[in-house]
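Counting from 1, the numbers follow the sequence of the chain as shown. First listed ligand is number 1; within each ligand, the first listed atom is number 1. Being a predicted model, the structure only gives us computed values, none of them experimental.
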Amino acid sequence: MKKSIIKSSGMSVPPYVVTNHDLEKMMDTSDEWIKQRTGIEQRYWVEPDTECGASDLGAQASKIALEKAGWTPQDIDLIIFATLSPDIFFPGCGCLMAAKLGLNSTPALDIRQQCTGFLYGLTTADAYIKAGYANRVLVVGGEIHSTGLDKTTRGRDVTVIFGDGAAAVCIEGIDTDEPCGLLASSLHADGNFADALMLELPASRLPVRVPMDVPGDDPRNYPVMDGATIFKKAVRMLPQVINESLEKAGMGLDEIGLIIPHQANMRINQALGQFLKLPDDKIFHNIQKYGNTTAASIPIALHEAMEQGRTGKSKDVVMFAGLGAGLTWGSAIYKFL
Ligand code: ACO
């Protein structure tokens, strides 16, 4: 059976760096609070008044990944785009980005699974490759959060966390007997907790998607989060779902070279390390620089981990894991060829 191999990666963030001190000028918050509660020091936001959608950042990241893989856009059999912040309500970012890559018939689909979007995308790519429906798949995670955040004190719990960014990974099916590629994947969702982290408008369930009487600064126009609930769920579910994938792959934690978790909060990932009794250097962190880039967070972290030589060598094994809005959560084990 074919193995799904990561050929290359690319990433893109907008040029505008927003530090915690910049946020202090917009709302009642402090560098100390943000660093202590989340580990974040800065994030990248699109410049005010610049038109840039998730598909634009995704296209930039994809061009880098494609060049490194030695693929032209025409070589792609399938595009999978994970985002919670699509450029427009529809059509999806996969279609929009394909056009920006100069394509006009390549199949493209969107995944709306928030922080676990890349895990769902990777697993879907693997399934397409193993089923023989595609052999070269471009998986992208991209978000523009900054244009949809409440930048007043009212929204500070959510706004300080999120950053814009995108990353792309070229995945190819290869015939080999080597145990490599996606070794295991475990995906979950529980919509009973949908309101723990959600953006209500625009809503197709309403007679008018954005009701006439909703002013621009209405809280329903901005994401709301029950941070404590998400935090507790993450700390409980991540170790469980990591063990689930280990069991499926018949592997022990000592065989994982690096854990690349979703970058939602440094404290969540430190708690994960303590629970699993892992030294800090076994868990990859880059939330300090980017904040939470949601569907882009795991592929950006993978891209940087490979660039820094923390993983990517032949036979290296990584574990991806994440939990976020949905709720959705999951993990995946990948072994380099
Ligand atoms: N600056 C200063 N004070 C703040 C800020 C801020 N930015 N935000 C909240 N506070 C205040 C609160 O108002 C509260 O004040 P009070 O005690 O006077 O009421 C106090 O700080 C403590 O607030 P908590 O919400 O209890 O703070 P907590 O330690 O829980 O940290 C946080 C909040 C960082 C949001 C945390 O709960 C968290 O990280 N949760 C998980 C986030 C997550 O993983 N999200 C999922 C991924 S994202 C996705 O799926 C799209």
Q: Look at atom 1 (N) of ligand 1 and say whether a protein heavy atom is found at less than 4.0 angstrom from it.
A: yes
Q. For atom 24 (P) of ligand 1, what is the nearest protein heavy atom, given as residue, atom name and distance?
A. R37 NH1, 4.2 Å
Q: Identify, by atom number and element, the atoms of ligand 1 in contact range of F162, meaning under 4.0 Å from any of its heavy atoms.
A: 48 (S), 51 (C)
Q.
Under the criterion side chain to side chain donor-acceptor pair (under 3.5 Å), I'd like the reasoning laid out for D126 against S4: C-alpha separation, chi angles, the key distance, then a yes or no.
A. CA-CA 6 Å; D126 185 55; S4 305; 2.5 Å; yes
Q: Determine if the distance from atom 19 (O) of ligand 1 to the closest protein heavy atom is below 4.0 Å.
A: no
Q.
Measuring only between side-chain heavy atoms, which start at C-beta, is I242 closer than 4.5 Å to L276?
A. yes
(Q) Can you name the atoms of ligand 1, numbered from 1 with element, that are less than 4.0 Å from a heavy atom of A228? (A) 37 (O)
Q. Just to confirm, does any protein heavy atom lie below 4.0 Å from atom 4 (C) of ligand 1?
A. yes
Q: Determine, considering heavy atoms only, which of V235, I230, V158 sits nearest to atom 43 (C) of ligand 1.
A: I230
Q | Q270 and H285: CA distance, side-chain angles, deciding distance, side chain to side chain donor-acceptor pair (under 3.5 Å) verdict | A | CA-CA 9 Å; Q270 285 167 340; H285 305 285; 5.3 Å; no
Q | Numbered atoms and elements of ligand 1 in range of G227, under 4.0 angstrom, heavy atoms | A | 37 (O), 40 (N), 41 (C)
Q) For atom 32 (C) of ligand 1, is the nearest protein heavy atom under 4.0 Å away? A) no
**Q.** I268-ligand 1 polar pair, N/O distance under 3.5 Å
**A.** no
Q: Return each pair, listed once, that meets ring pair (Phe, Tyr, Trp, His ring centres under 6.0 Å) where at least one residue sits in residues 203-256; pairs must be two or more places apart or across chains.
A: none
Q) Strictly under 4.0 Å, does any heavy atom of I34 approach an atom of ligand 1? A) no
Q. Among P223, G324, C115, which one has a heavy atom closest to atom 49 (C) of ligand 1?
A. C115
Q. Does M225 come within less than 4.0 angstrom of ligand 1, counting non-hydrogen atoms of the residue?
A. yes
Q) Strictly under 4.0 Å, does any heavy atom of L84 approach an atom of ligand 1? A) yes
